[in-house]
Protein chains: 2
Amino acid sequence: MATGRTHRPANRSRGIPEATVARLPLYLRALTALSERSVPTVSSEELATAAGVNSAKLRKDFSYLGSYGTRGVGYDVEYLVYQISRELGLTQDWPVVIVGIGNLGAALANYGGFASRGFRVASLIDADPEMAGKVVAGIEVQHSDGLEQVIEDNDVSIGVIATPAASAQPVCDRLVAAGITSILNFAPTVLSVPDGVDVRKVDLSIELQILAFHEQRKAGELSDEDAEELPQGAGEVTASPVAPPAASVTKRGSGSGKSPAGASGGTSGRNGEPGSDGDVPAVMPA
Amino acid sequence: MATGRTHRPANRSRGIPEATVARLPLYLRALTALSERSVPTVSSEELATAAGVNSAKLRKDFSYLGSYGTRGVGYDVEYLVYQISRELGLTQDWPVVIVGIGNLGAALANYGGFASRGFRVASLIDADPEMAGKVVAGIEVQHSDGLEQVIEDNDVSIGVIATPAASAQPVCDRLVAAGITSILNFAPTVLSVPDGVDVRKVDLSIELQILAFHEQRKAGELSDEDAEELPQGAGEVTASPVAPPAASVTKRGSGSGKSPAGASGGTSGRNGEPGSDGDVPAVMPA
DNA sequence: CAATCTTTGTGCACGCGTTCACAAAGACAT
DNA sequence: ATGTCTTTGTGAACGCGTGCACAAAGATTG
Ligand SMILES: NC(=O)c1ccc[n+]([C@@H]2O[C@H](COP(=O)([O-])OP(=O)(O)OC[C@H]3O[C@@H](n4cnc5c(N)ncnc54)[C@H](O)[C@@H]3O)[C@@H](O)[C@H]2O)c1
Ligand SMILES: NC(=O)c1ccc[n+]([C@@H]2O[C@H](COP(=O)([O-])OP(=O)(O)OC[C@H]3O[C@@H](n4cnc5c(N)ncnc54)[C@H](O)[C@@H]3O)[C@@H](O)[C@H]2O)c1
């Protein structure tokens, strides 16, 4: 069972599935809350509800860590908090550098949830000379020049990128060259990094677009109640090919109240706009 | 295509897999960049590289939308931009309300990527009377009292929660009651909503913890080579679930371990496990 | 028009993740 | 001890997502 090793290039770290790793912080949060209320034990059912997952899934997740529960009773809260913390590497302090102290970077620096989980802001870095010296969240912002030094001095291995998209890759390269091996990227760009470096991204825009997709689907669903079941075939594909007429806001089914209010007054012409939002061509590496 | 599209997989929204939907914004971003450079067509290979995905995956993703490519040539950039935009519902304006205009909420309000994709900030809401009236990102912050009215007036269906965790659920309930059916939650809490309401969450803390997990694993990888992960004191571990010890913080050792990139290709010894299992100090700040 | 070259669209196999369902483990009562 | 009751830990089935590999479609050239 524990196997999994052999000569596999598997990304399966130590037998713990990635999906499980992603949920451990969730469990930890719920357990911490219980701990603060001095609750001694929890059943998988209770904890699962608190964490918003299926209880079987939770039990299986925990089974990867070991048998820490007691049948007929449940899990010891304190003990489990410790085990998960250890597994996640939170029993040690992780110095972090944040690069790009703008709106977002400053908010992140001020974020309390940072320190409360063992992450310590080792330094705030910004390329703007104007920013250097300013104090944000009690820390003095440093100019990019000192980036490498800070990383080395504090043995930092986690970096957060909150610069404009155009600067993300260059900054990333510098971070990696300086020894960073884990990056949390907030810029809307695909970062390319060498093997051995982990990158996770947070993209607000993408999240909203996904919501919009489902929202649109909900709106359309209401219009054709009956046809719900059957395959609506390729109905829509029939649309005329050729280039899209930019401006036109195609309203869909509407039906129920929730129709996008784009109509309100002007269209503020979306589209045809400066892609200024910061998308940068991903160049064309190898 | 044409293969007998059998029964509807029920969960599949209109036949488009969730994983695909999540990647569409990625493709769209890459395509927009190409469009701005007036590139007429792209091959799946090029686009896939730009979006950071496998080309086969990209082609399969597009196949769910229809056959928009031309064999031997590739995809028409403009046309594809339009098709994906339409599929995601971005051909219409989506008014959004942001609740909780603190550090994060303000940063979000100032975020340009918002508007550039068809999302329009309809209103900024905060419970703090002090905030009401202040102008953030060119918009006047409104007090929570007007929440329902704003949602109705603007026919808002997407809400962003950036309040402290404690307020998230109550705020969520109000939003839902007022007609919101899609929520983007930044507060570190599990929100419970009725069926029909979509919730997506962005949790910085969780992302960092996942990175820490992998970071820890990388560090451990260098140390030992092939040790059984058998818990030595089996009886000890399972038997007494005594409370975890608390001790001092351990400094990250190694110091040299950085950049294992060189050995990337191969089977670098895996396994891992924090070398010292028996006595890892635990520090779990509240 | 035929030959060749390029690139799409997808059938297929595989592995991961999720969930069900239940035997076994232990707590607790008698 | 014995029986009952609760809850864990996990075997097994299933569905989704991924990526390979290739036939077919169309462009392009001669
Ligand atoms: N603000 C948000 O809510 C939000 C949400 C999602 C994503 N983002 C993304 O996060 C990034 C930052 O957003 P923001 O609103 O804070 O932008 P911002 O313009 O307010 O801040 C960017 C900061 O980065 C600094 N910077 C620029 N180039 C740099 C470099 N090479 N090295 C170091 N620092 C550099 C700038 O001086 C500036 O202080 C952007 O990529 C944006 O798309 C922001
Ligand atoms: N700052 C970050 O980078 C960051 C990162 C990840 C997650 N978060 C989370 O995002 C949330 C906001 O973080 P922040 O740093 O902006 O906090 P903050 O304290 O700066 O801002 C919170 C704002 O919400 C308002 N508020 C409180 N209760 C409200 C209610 N019931 N209705 C409307 N408004 C209300 C407050 O008046 C305040 O303006 C928190 O849950 C935090 O954990 C923040």
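Order of the sequence lines sets the chain letters (A, B, ...), proteins ahead of strands, with each chain counted from 1. Everything numeric in this text was worked out from a predicted model, so none of it was measured.
- Aromatic pair A:Y68/A:F62: ring centres not closer than 6.0 Å.
- Near-neighbour residues of DNA chain D inside residues 47-61 of chain A, defined by a heavy atom below 4.0 Å, number-ordered: A:R59, A:K60.
- Nucleotide D:dG26 holds its P atom 16 Å from the OH atom of B:Y68, rounded to whole Å.
- Which of D:dT18, C:dG9, D:dG9 sits closest to the side chain of B:A19 comes down to D:dT18.
- Contact check for A:R117 versus A:R29: side-chain heavy atoms found under the 4.5 Å cut-off.
- We find that CZ of A:F62 is positioned 10 Å from P of D:dT8, with the value rounded to whole Å.
- A straight line from CG of B:D76 to C1' of D:dG26 spans 16 Å, rounded to a whole angstrom.
- Proximity of A:R23 to the phosphate of C:dT18: a side-chain N or O atom is located under 4.0 Å from OP1 or OP2.
- For a distance-only test at 3.5 Å, the side chain of A:R71 qualifies as a donor-acceptor partner of the base of D:dT8.
- Using a 4.5 Å cut-off on side-chain heavy atoms (C-beta onward), B:L175 and B:I161 make contact.
- Between A:S44 and D:dT8, a side-chain N or O to OP1/OP2 separation shorter than 4.0 Å is present.
- An OP1 or OP2 oxygen of D:dT6 is reached within less than 4.0 angstrom by no side-chain nitrogen or oxygen of A:Y75.
- The side chain of B:E18 approaches D:dG17 more closely than any other nucleotide in the set D:dT8, D:dG17, C:dG17.
- Under the 4.5 Å side-chain criterion, counting only non-hydrogen atoms from C-beta, A:S182 is not in contact with A:S157.
- Here the side chain of A:P17 is nearest to one of C:dG17, D:dT8, C:dG26, namely C:dG17.
- Contact check for B:F213 versus B:Q209: no side-chain heavy atoms found under the 4.5 Å cut-off.
- Within the 4.5 Å cutoff, the side chain of B:L65 has heavy atoms near those of the B:I16 side chain.
- Of the N and O atoms on the side chains of A:E45 and A:T49, not one donor lies less than 3.5 Å from an acceptor on the other residue.
- Here A:Y64 does not reach the OP1 or OP2 of C:dG17: none of its side-chain N or O atoms lies under 4.0 Å away.
- Counting to the nearest Å, the C1' atom of D:dG19 and the CD atom of B:E45 are 12 Å from each other.
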